[in-house]
Amino acid sequence: MKFEDFKTCSQSGFCRRNRAYADQVTTSPYRLLPDSLQLNGDHVYADILNTETNILLTLDLNVLQDNTARVRINEKAPIKPRYDDHARHTLQTDPQPPTDPTTAEYKDGVVTIVNSHRTIFIYSEPLRIEFLVNNESVLTLNERGFFNFEHLRTKETHKPKMVEQKKEDGTVELVEDKSEQDLWEERFKTWTDPKPNGPESIALDVTFHGFSHVYGIPEHASSLSLKETRGGENAYEEPYRLYNTDVFEYALDSPTSLYGAVPLMIAHKKKLSAGIFWMNPSETWIDIIKTKQDENENLVQKVLTSTQATKTHWISEAGVLDLFIFLGPSTKDVLRQYTQLTGPPAMPQMFAIGYHQCRWNYINQRDVLEVDRQFDENDMPYDVIWLDIEYTDEKKYFTWDSAKFPDPISMEESLDNKGRKLVTIIDPHIKQTDRYNIIEEAKAQNLLVKQADGSDYEAWCWPGQSSWIDFAHNASYNWWKSKFAFDQFKGTRENVHIWNDMNEPSVFNGPEITMQKEMIHDGKWEHRVLHNLYALLSHSATTDGVRERTEVQKRPFVLSRGFYAGVQRVGPIWTGDNMANWESLYYTNPMILTNGLGGVVFSGADVPGFFNNPTPELLTRWYQAAVYQPFFRGHAHIDTKRREPYLSEEPYKSITRDALRERYALLSYWYTLFYEAYKTGTPMMRPMFMEFPEDESLFATEDQFMVGEAILVKPITQEGAESTNVYFPDNELWYNSKTYQPIQNTGLQSIEAPLNSIPVYYRGGHIVPRRERVRRSSASMRLDPFTLVIAQDSQGHAQGSLYMDDEETYSYQKGIYTYTTFNYAQQELTCQSEGDSSFMTSPIRIERVRILGFDKSPQGVKVVQKDGTSQELQFTVDQQVITVKDPKVSIVDCDWRLVIY
């Protein structure tokens, strides 16, 4: 990474100013004016006075349903509107008032709001807002007095801050504070930002009381539990930055910004999680400090002082303060609260969670079909093959290079005959060239991002001189989505899906490899106020276009590199241009886990690293790990050697084939988890503390994780490793997913991990559905029977679920799906199913049941039908595992019981 290409906080004027303000402030100058108070149960409105500038702000605080509140602060009479149009793009639903009675009263300088077990105190002098749950303080806004709202002004009316400076003769003179010299113009390297609106930043400190760990704010190549940024053990020297950028060969273990930005932070401790959503799409910096309790304090002092806390400082360049507070009480609750506002994770088609094969670039039509053939010849399943930018006619999107791809429709039909898909790349920069209908239409209809003088913005990207679609402009958004119709994007059909790259936006000759902040969107908004939102709007417009191109709408698949809050309702993202090395493999886990804690549940990393050539061992270990990550795509830079998995030498080839097959065996389990994520916001790939929230030893664990509730995974990320340490939470039974044998001890255990396997374990008390017949794609598996793996807990119980639908349309939203819950207790397996199974073209059965942890041989196994008739079944017993063969029962018609006696 070229660090010099990207700003530090000290090079970003508003970040430097607010950090300096935090270092100098003693008492916050902001006062709530009691005479302006309007109390309406769940809503508080008041004016706020900055006693240093006499500028009035407005406070809107709304108590919302589901343990949520919203705080908004804006200028009361700005000289021009500040950007607050973000909400209509970011929120999918309007925040709803609470269902519980809420009261608000003002007394002795304090507004007290009570709703069920929540209490909010608004202190007037100075302004401070405290949130309590069950009378325990959870978080406080402006506790340290860092709140700073830079009001809009003109250069002529601005009164510069003056400071004393000693002259050579010993006398003192007043000079303008150097910290204010970049208020109206700011230079970085060769670029000058004219900053026509002057200073307009917002900053606020948020203190999480009693919390030692905070998570989220993707995207960074950092640890799961976020590090301190202003002192402390192993602290970063810079704040975490949220500013979508195209970072070439990005650094690991760093707070530097990457391709996406989700300003959602979650704090967790025993018995409680809480979160904040700082809804602002401008450049944002976040400082983190953690205070520790003094070990010399006695127990009574510790209880009284409660000094343990995580103190954060949020700094955004522009816009308004718009903050949601989520009070859990669990991390899953916080994510549900967040996704209820910003939208549920999109339910993908089944093919999307299979294996994807990509490189920059497959050379031509023959190359694509040859790769497809080789997967079949080598008995390796896959679902999607991808085309990078070289498929186009001279980097003109929505076109084909006719010499390389003379008949794309026939190529797509060949793939479709096997149930496979094609993904083509489409970027938001449009080549400036003659006789190219896309740029001609965009110019004629005024659809491009503008310069301050009203002319079209032009800069450099892959096609050369280019312009960028203005997705914040409704007409531009609607025009863009229309371009994905089959008569517009000629050479495509229903099995073609889309990849949005470079949409941060990436600008090769722009400051920090992106667009200048003074460019204009929608005729009125500077790019600086919505920079991080741009990628979401481009991703959303493309997704709408793919959805709407057919009369019977199918769920679109569109991958995006750039993203912002709410992206989960649109489609998947990936972690960008990583390196083929062991350290990058390690960081895929905390990065993807952190994405999930930002609501972005469908994400993955390039396998086995985008840049450079992996060793056979690294390639194999990466495939093994990616089996258990939500988005699974092999991808490679144009300069790398071919590394399709079938090209590996033995034994690496067979081991990688086994990994791919394991992914497909678990597709229905994954699909069920995706449905549950759609319903609740809970990620499929979960940090350990999410499933074991009381075990403090897991609060920072990032090298192992859970897939759903039932599967524990510890990827091997060290070269040459033949063993590893796995932590097994107490009070649980765990079973090796390959041998089915129980783990004898809990806690931290040394586990053998030869190259042909990675440690994966079934959790006692859970039932995992599998499809174990070898197929070439997910479409070939639709009617395959199931194997149920029943991992008993210490009481001999287990539960699991299976979601099924037509795997491609939106009919599930009309109730055409099945959700089957399996229950195993007292040596009986039963099920209950809801929904409408009319999507099934023929019955689907259970072909095998494996019961793990059975400590004695049964006399027999039978199926008992609803009418009382029964049939004896064949079974085998091997090392505490009972395998029941072909019980001949339906997976969804639950009029049977399987009984072991």
Side-chain angles (χ1 to χ4, degrees), residues 85 88-89 389 391-402 408 424-492 496 498-510 514-531 533-550 556 558 560 562:
D85 200 33
R88 73 182 179 94
H89 300 298
I389 54 178
Y391 82 93
T392 62
D393 176 15
E394 298 181 338
K395 312 298 188 298
K396 291 180 286 188
Y397 302 111
F398 302 100
T399 71
W400 295 84
D401 183 329
S402 59
T424 61
I425 198 168
I426 299 283
D427 293 345
H429 51 261
I430 306 301
K431 185 172 185 173
Q432 286 280 2
T433 188
D434 295 333
R435 295 184 298 279
Y436 176 30
N437 69 302
I438 299 295
I439 192 65
E440 289 173 353
E441 289 180 31
K443 284 181 173 180
Q445 298 178 40
N446 211 27
L447 305 177
L448 300 169
V449 175
K450 303 296 182 186
Q451 299 189 81
D453 63 7
S455 61
D456 291 336
Y457 170 65
E458 294 188 20
W460 201 261
C461 205
W462 288 124
Q465 196 72 2
S466 304
S467 289
W468 276 254
I469 302 299
D470 180 10
F471 296 104
H473 177 47
N474 286 339
S476 304
Y477 185 104
N478 291 329
W479 171 83
W480 178 262
K481 71 179 185 177
S482 74
K483 295 292 105 181
F484 293 93
F486 299 129
D487 62 347
Q488 296 290 309
F489 188 2
K490 293 182 174 161
T492 62
V496 176
I498 304 297
W499 170 18
N500 284 162
D501 198 5
M502 315 297 286
N503 59 340
E504 292 75 28
S506 178
V507 179
F508 290 165
N509 59 339
T514 193
M515 188 177 290
Q516 293 94 316
K517 290 179 176 179
E518 69 269 23
M519 298 305 132
I520 302 299
H521 294 270
D522 200 22
K524 54 184 175 294
W525 300 118
E526 280 193 294
H527 183 72
R528 84 178 69 248
V529 303
L530 54 77
H531 171 84
L533 186 61
Y534 184 85
L536 174 65
L537 294 176
S538 74
H539 191 190
S540 181
T542 301
T543 300
D544 285 349
V546 175
R547 179 189 301 110
E548 295 171 14
R549 66 187 179 177
T550 55
V558 179
S560 176

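Heavy atoms only: backbone and side chains are in, while hydrogens, waters and symmetry mates are out.
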Distance from [X] atom [atom1] to [Y] atom [atom2], nearest 0.5 Å?
{"X": "Gln432", "Y": "Lys396", "atom1": "CD", "atom2": "NZ", "value": "13.0 Å"}
{"X": "Ile438", "Y": "Leu447", "atom1": "CD1", "atom2": "CG", "value": "10.5 Å"}
{"X": "Asp487", "Y": "Thr492", "atom1": "CG", "atom2": "OG1", "value": "9.0 Å"}
{"X": "Asn478", "Y": "His473", "atom1": "CG", "atom2": "NE2", "value": "9.5 Å"}
{"X": "Thr392", "Y": "Lys431", "atom1": "OG1", "atom2": "NZ", "value": "8.5 Å"}
{"X": "Thr542", "Y": "Lys483", "atom1": "OG1", "atom2": "NZ", "value": "13.0 Å"}

Would you check if [X] and [Y] make a side-chain contact, meaning some heavy-atom pair closer than 4.5 Å?
{"X": "Tyr477", "Y": "Ser540", "value": "yes"}
{"X": "Ser506", "Y": "Trp462", "value": "no"}
{"X": "Ile426", "Y": "Asn500", "value": "yes"}
{"X": "Phe486", "Y": "Thr550", "value": "yes"}
{"X": "Thr424", "Y": "Ile498", "value": "yes"}
{"X": "Trp460", "Y": "Gln465", "value": "yes"}
{"X": "His429", "Y": "Tyr397", "value": "yes"}
{"X": "Pro505", "Y": "Thr514", "value": "yes"}

[X] side chain to [Y] backbone, donor-acceptor under 3.5 Å:
{"X": "Ser466", "Y": "Gly464", "value": "yes"}
{"X": "Thr543", "Y": "His539", "value": "yes"}
{"X": "Asp453", "Y": "Ser455", "value": "yes"}
{"X": "Glu518", "Y": "Gln451", "value": "no"}
{"X": "Tyr391", "Y": "Ile425", "value": "yes"}

Give me the atom names and distance for the closest heavy-atom approach of [X] to [Y].
{"X": "Leu536", "Y": "His89", "answer": "CD2-O, 4.0 Å"}
{"X": "Pro428", "Y": "Phe471", "answer": "CB-CE1, 3.7 Å"}
{"X": "Ala472", "Y": "Arg88", "answer": "O-NH2, 4.2 Å"}
{"X": "Gly491", "Y": "Pro408", "answer": "O-CB, 3.7 Å"}
{"X": "Trp479", "Y": "Gln445", "answer": "CD1-OE1, 3.8 Å"}
{"X": "Glu504", "Y": "Gly562", "answer": "OE2-N, 3.8 Å"}

Is there a donor in the side chain of [X] and an acceptor in the side chain of [Y], or the other way round, less than 3.5 Å apart?
{"X": "Tyr436", "Y": "Thr399", "answer": "no"}
{"X": "Ser467", "Y": "Asp456", "answer": "no"}
{"X": "Asn503", "Y": "Ser538", "answer": "yes"}

I'd like to know whether Leu448 forms a side-chain contact (heavy atoms from CB on, under 4.5 Å) with Ile439, so could you lay out the CA-CA distance, the side-chain angles of the two residues, the decisive distance to 0.1 Å, and finally the verdict. CA-CA 9 Å; Leu448 300 169; Ile439 192 65; 4.1 Å; yes
Is atom NZ of Lys524 surrounded by more than 12 heavy atoms (other residues, nucleotides or ligands) closer than 6.0 Å?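 Count over threshold, so yes.
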Just to verify, which of Val529, Asp470, Leu537 counts as forming a side chain to side chain contact (heavy atoms under 4.5 Å, CB included) with His521?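 That would be Asp470; it is the only one of Val529, Asp470, Leu537 passing the side chain to side chain contact (heavy atoms under 4.5 Å, CB included) with His521.
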Quick one: sort the Tyr534 and His527 rings into parallel, tilted or perpendicular, breaks at 30° and 60°.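 Taking His527 first and then Tyr534, their aromatic rings stand perpendicular (interplane angle over 60°).
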Which word best sums up how the rings of Phe398 and Phe484 line up, parallel for under 30°, tilted for 30 to 60°, or perpendicular for over 60°?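 Geometry flag for Phe484 against Phe398: perpendicular rings.
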Could you walk me through whether Asp85 and Leu530 pass side-chain contact (heavy atoms from CB on, under 4.5 Å), step by step? CA-CA 9 Å; Asp85 200 33; Leu530 54 77; over 6 Å; no
